[in-house]
Every structure is written in structure tokens, then in C-alpha cells.
Amino acid sequence: MGFYELLDHSNPAVVRSTVTTDPTQWRVQMETRRQFIVQGARLVAGAAAATAAGPTVFTRHARAAGQLKILQWSHFVPAYDAWFDPFAKEWGARHGVEVTVDHVGFADVVPRATAMVAAQSGHDIHMFLGLASAFEEHVIDLKDVVDTLEKKYGKQVELAHRSTYNPFTKKQFALSDMWVPDPGNYHKEVWTKIGMPNGPVTYDDLVKAAPEIKKVTPQMQIPIGVGLSQDIDSNMAVRNMLWCHGGSIQDKDGNVVLNSSETLSALEYAKKLYAVGMTPAVLSWNAASNNQAFNAQETAYILNSISAYRTAQDNKLPVLEHYFFVPALKGPTGIQLGSEHVMSGYVIWKFSKNQDTAKEFLVALVDISRNSMLASKLYNFPSFYGAVAEPNTSLNEKQESGAAWIAARCNEDPFGSTPPDKLALLAKALPWSTNLGYPGYGNPAEGEIFDTYVITDMFAKAATGALLPKDAMLEANTRCKQIFDKWRAKKMVPGGGKDT
């Protein structure tokens, strides 16, 4: 998924920078450290003004706490970490708080959370990338944080709401400051050679194109670079296939409905695609593998955010001129849906002794969503569109104003795309983007199913012939029902009366 995955996880790069909202003026200095202790530095441009946009009232002022510990994902666009750490430094300096930021790779996010819950000790704030819902029992309710932000900026985007709120328990278990669109990345030169210069539109296009790609580019032994492994990209990709064929894990009421003709159709499709467009290598891909394959021009299509593209830009790779993007693909009945590529989910642990400080920090992070999006080179999209609205915009117009600001950046990439509007489709991604747990919410059962790769296992077994598609479906359906029943027994997930 991201360039950062190529780094040594035992020695991650922490980046310091002086940040302005003009990306051409960024000065970045790399420093290798395991932990970044944050205290006193230059003001991040715009941070003070954004924080002052509205009052944040909690029961104890942040100055009283003295320290704050944050576990932060190592971003797939490293420039974001170059911005985040100095921002946290300045925020801490202004509030009399010593902030500690630890960066971990994606694969360590859930294991670290599990360890901290077991020890009842660790960071105050923990960032999740998919769903935080499996840890709902162990985190505090952030309803007051979301209420504060909605009074300032209006509603958050629906897929962020559905990823961080449990309507059954009525708990706001996490806060999303950003989400990431997940377009298809295609090699325009190769697709032009096979008569499809605008890339694929439907899932059937992938099956038709794969053998033709092999003919014109024999070096591409994996013409369709979609993983079927236990990694975040595969976890998203197989859900897209499932949804676009009309299937889902649950219905809108929380009943398990994986055992269906629609799921079977998706698995039979995956078996065809694997036969003509993949090799066994995709069964062991990690989050960086599809990026690496595309950037080495070993595949002609991947499902990915723009992190791989930014890596190609930063390193002036030969593939750069061939990088183009398409929206989510359509299934056989015209359904066009794609999961968000990343959904931030910040939680505050119940064991934290600095809960009010942590809440104030999360509000401040949303307050400077413009800086966040620019620091990530347009990878992060704000969960509160109103937070990037033009100053002095009325509340009922903030979402529209924010959407216009986002579109302006995508229509003329400030980081030098050719053509300048290469990323324009990202500004139109909301209609074809959805949340994990679709068509319901990202509840604790959906979170556990995501974290334990039930759906990727199902697709891999069906695609490779390890199990017949129907048997793979029935096995996965049983696993899903067991997980849902566990959470229903805890009165945290609805449904059950109409499980298939």
C-alpha cells in the first residue's frame, strides 16, 4: 500500500518539518528515532487560527494533565509524519503538555492495541486504520468531541460516521479525522495497447483484459495486481468484489447474510480472475507489494490510494507518465462501490489518565484539516468537509465550501501531476465510496471479521481451488455467525433473527 512499508519496522523514520499551507515551501529534515518526544517548536502555519475557530469545552483543561501519549500509524505518505509530529509539538507547547508520539507500521496497530488492553497501560490515544470497533468495550465515548466538531463544521461524511459509531450501543467509540479514497490505478500505455485507453470500467473488463495484457507485455505475469492475502489492501479489495456482485457480510439490520447467491457469484468471479490475471504470489502479498509491482511495471492494474503514485513522483520512476486512475469498478448488475482505502479511527482508552487532554488534541487535529490534507499530498481527505471551508463561511454552507476547496486541489494538483487534473476523480469519490460493514455500520463483529481476515481467506480458498466456492462461502459464513453471536451475547451487535 505505501512506501513506508518498505522501511525497517524496527527502526522507523520519524520526520521533522516546518510546515506551511504552501507545499512548495516545505523544508523536510529526516531523523531516525524510535520515539519522538514532543515539546516546544515553531507554530505550524494556520494551526493557531484554526484552533481558535470555536471553543472546546471539556471538564478539565488540557494544561492540568502535563503529558499525552499518542500511538500513530506510520503514514503511507511519509511527508505526513513530517507534518504531524511538529504539529503535536506545537500543540503541546501551547498547552503545557509533553506529547509523546510513537509511530508503528500498519501490521502492528491491532497487536499493540491488544497488548495495551491486556496490560491496562500504554498510550492515551490510539489510531486505527480500518475499524476500531472490536475494541469498543475498552474505549471512552467521544460523543462530546463529535458534538463539538459538528457545531463548528457541520456533519461528518456518512462513511466516517458509520465507521466510528455503534447505533446499537449508541456509543461514539472513535473519531475519524480523515478517510482515503481507493481508486483503481492503471498503466495507461499498456491499456491503450489493448484498445482500452481509459482503463477498466467493470469487473468483467479485468477478466477480458488480463490475457491481452500478457500478450502485449509478457513481462507482466500478474497483469491484474489485486491481492488475496492477509493484508489491508486485499481486505478492502475482496469486499469491493463482494459488494459489487450484490453480496455483503451483514444486512443493514446486523443479520449475517454472507451465505447467498450473490456471494457465490463474487467467488466464482474471483476464481476466473485468478486463473487469467494472477499468480500464487498474490496470496502472500503485504501492504507494499501491489505498490512495488506497479512501480516496477510488473502489473497493469492495482486497487490503491495515491501513495504508490506519490512514491513514483518522489523517486522520478519511469512508470510515472503511465499512472492514471479510474473510479470503483461496476459489478454485473451495475453496482459501483469501493471501500475507503484507510479510515482513521482515533480512540481514547478507558485506562488513560489524560482523557480530557486527549479530547482537546483530537479537536485540534480536525481543526487543521487543510494542513493535514496538504501534508499528506492529498492522500488524506477530511472526515469533516466543513473543516476545510473558506473562513467566515456560515455553518449551513461549510460542507459545500469544503467540498469546493477539496475539488480545487484535486483539479490542479499542487504537487505537480501531469496533466494537472489527473487526480480530479478523487474529489468525486464519495458517491462510490462506502464503509466497512456496508450496508450496515462498522460494528464490533465487522471489526473482528476484518482484523481476522475471514473474507480474504474465503476469496483466496475459492480462487485457488483450495475449496469449492460454495464450500469456502459456507465456511466463512459459519465463522461470521460465530463472531456475530459472540458480540450479540455482549449486547453490542443487533440481528440474528434472519441470519442465513
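Start at 1 with the first residue, then count along the sequence.
To the nearest 0.5 Å, the span separating CE on M127 from NE2 on H75 amounts to 6.5 Å. Summarising the geometry, atom CG belonging to L337 is positioned 6.0 Å from atom OG1 belonging to T434; distances are rounded to the nearest 0.5 Å. Separation of atoms CZ (F76) and CG (L129) is listed at 6.0 Å; rounding is to 0.5 Å. Once rounded to the nearest 0.5 Å, the distance linking CH2 of W432 with NZ of K330 reads 13.0 Å. Atom CD1 of residue I213 and atom CD1 of residue I222 lie 12.5 Å apart, to the nearest 0.5 angstrom. Distance check, rounded to the nearest 0.5 Å: OG of S339 to CZ of R239 gives 7.5 Å.
The backbone N or O of D251 lies less than 3.5 Å from no partner atom in the side chain of S248, so there is not a single donor-acceptor pair. In this structure, Q336 contributes its side chain and A328 its backbone to a donor-acceptor pair below 3.5 Å. Put simply, the side chain of S133 gets close to the backbone of G442: a donor and an acceptor are under 3.5 Å apart. The backbone N or O of K188 sits nowhere less than 3.5 Å from a side-chain atom of K193 that would complete a donor-acceptor pair. At least one donor-acceptor pair under 3.5 Å links the side chain of H126 to the backbone N or O of V109. Looking at D108, its side chain never comes within 3.5 Å of a backbone N or O of V104 through a donor-acceptor pair. At distances below 3.5 Å, at least one donor-acceptor pair connects side-chain atoms of S163 with backbone N or O atoms of L159. Looking only at distances, a side-chain donor or acceptor of N315 sits under 3.5 Å from a matching main-chain atom of T311. At least one donor-acceptor pair closer than 3.5 Å links the side chain of K422 to the backbone N or O of T418. Distance alone, capped at 3.5 Å, places no donor-acceptor pair between the N185 side chain and the A300 backbone.
More than 12 heavy-atom neighbours from other residues, nucleotides or ligands sit within 6.0 angstrom of NZ on K214. In this structure, E400 places its CD atom where only 12 or fewer heavy-atom neighbours from other residues, nucleotides or ligands lie under 6.0 Å away.
Considering only heavy atoms from C-beta on, V347 stays 4.5 Å or farther from I125 through its side chain. For the pair K152 and V366, the minimum side-chain heavy-atom distance is 4.5 Å or more. Side chains of I224 and T299 form no contact here, defined as non-hydrogen atoms less than 4.5 Å apart. Residues V146 and Y165 fail the side-chain proximity criterion, which asks for heavy atoms closer than 4.5 Å. Residues M343 and N435 form no side-chain contact, since every pair of their non-hydrogen atoms from C-beta on lies 4.5 Å or further apart. Taking 4.5 Å as the limit, every side-chain heavy atom of M178 sits out of range of all side-chain heavy atoms of F381. Residues M373 and I406 form a side-chain contact, since some pair of their non-hydrogen atoms from C-beta on lies under 4.5 Å apart. Taking 4.5 Å as the limit, every side-chain heavy atom of N240 sits out of range of all side-chain heavy atoms of L329.
Taking the six-membered ring for Trp and the full ring otherwise, the centers of F294 and Y323 sit less than 6.0 Å from each other. Taking the centre of each ring, H161 and Y441 come in below the 6.0 Å mark. Taking the six-membered ring wherever Trp is involved, the centroid distance between the rings of F106 and W73 does not fall below 6.0 Å. In this structure, H322 has its ring center at least 6.0 angstrom away from the ring center of Y186.
Under the 3.5 Å distance criterion, with hydrogens and angles disregarded, no donor-acceptor pair is assigned to the side chains of S401 and Y385. Side-chain atoms of S372 and S369 include no donor-acceptor pair closer than 3.5 Å. For the 3.5 Å distance criterion, the side chains of T456 and S234 fail to qualify, holding no donor opposite an acceptor. Of the N and O atoms on the side chains of D231 and N286, not one donor lies less than 3.5 Å from an acceptor on the other residue. Between the side chains of N443 and Q250, at least one donor-acceptor pair of N or O atoms lies under 3.5 Å. Looking only at atom types and distance, the side chain of Q156 has no donor-acceptor partner in the side chain of S176 under 3.5 Å away. There is a side-chain donor-acceptor pair under 3.5 Å between N291 and N304.
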Item to check | Derivation and outcome, side-chain contact (heavy atoms from CB on, under 4.5 Å), residues K271 and T464 | outcome: CA-CA 7 Å; K271 187 172 184 177; T464 60; over 6 Å; no
Checklist entry - Can D177 and S344 be said to form a side-chain hydrogen bond (donor to acceptor under 3.5 Å, both in side chains), step by step? => result CA-CA 6 Å; D177 72 312; S344 78; 2.7 Å; yes
Next on the checklist: Show, in sequence, the C-alpha distance, side-chain angles and deciding distance for F325 and Y309, and conclude whether the ring pair (Phe, Tyr, Trp, His ring centres under 6.0 Å) test is met.
Outcome noted: CA-CA 10 Å; F325 302 92; Y309 171 63; 5.4 Å; yes
Item to check | Pair E340-D182, side-chain contact (heavy atoms from CB on, under 4.5 Å): steps then yes or no | outcome: CA-CA 6 Å; E340 31 73 19; D182 201 20; over 6 Å; no
Next on the checklist: N380 vs Y80, test: side-chain contact (heavy atoms from CB on, under 4.5 Å). Steps then yes/no.
Outcome noted: CA-CA 9 Å; N380 293 9; Y80 180 80; 3.3 Å; yes
Checklist entry - Does the pair D421 and N411 meet the rule for a side-chain hydrogen bond (donor to acceptor under 3.5 Å, both in side chains), with working shown? => result CA-CA 4 Å; D421 65 349; N411 291 340; over 6 Å; no
Item to check | Test log, rule side-chain hydrogen bond (donor to acceptor under 3.5 Å, both in side chains), inputs T164 and Q172 | outcome: CA-CA 6 Å; T164 58; Q172 185 74 49; 2.9 Å; yes
Next on the checklist: Show, in sequence, the C-alpha distance, side-chain angles and deciding distance for Y346 and Q72, and conclude whether the side-chain hydrogen bond (donor to acceptor under 3.5 Å, both in side chains) test is met.
Outcome noted: CA-CA 9 Å; Y346 281 99; Q72 182 80 1; 2.9 Å; yes
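The residues K377 and D413 are annotated as not salt-bridged, no charged nitrogen and carboxylate oxygen being separated by less than 4.0 angstrom. Contact check on D204 versus K208 returns a salt bridge, with a Lys/Arg side-chain nitrogen under 4.0 Å from an Asp/Glu carboxylate oxygen. Salt-bridge check for R370 with E390: passed, with a basic side-chain N closer than 4.0 Å to an acidic carboxylate O. K272 has no carboxylate O lying under 4.0 Å from a charged side-chain N of E268, or vice versa, which leaves the two without a salt bridge.
In terms of heavy atoms, G246 sits closest to I335 at CA-CD1, 3.8 Å. Nearest approach of V326 to G199, heavy atoms of both residues: CG1-CA, 4.4 Å. Between D367 and L149, the shortest heavy-atom contact is OD1-CD2, 4.5 Å. Residues C480 and I449 come closest through the heavy atom pair SG-CD1, 3.7 Å. In this structure, M458 and A476 approach most closely via the heavy-atom pair SD-CB, 3.5 Å. The two residues I455 and L258 have their closest heavy-atom pair at CD1-CD2, 4.0 Å.
Relative ring orientation between F128 and F135 is described as tilted, the plane-to-plane angle lying within the 30° to 60° band. Using a 30° and 60° split on the angle between ring planes, Y203 and H245 fall in the tilted class, from 30° to 60°. Between F84 and F87, the ring planes lie perpendicular to each other; the angle is over 60°, past the 30° to 60° tilted range.
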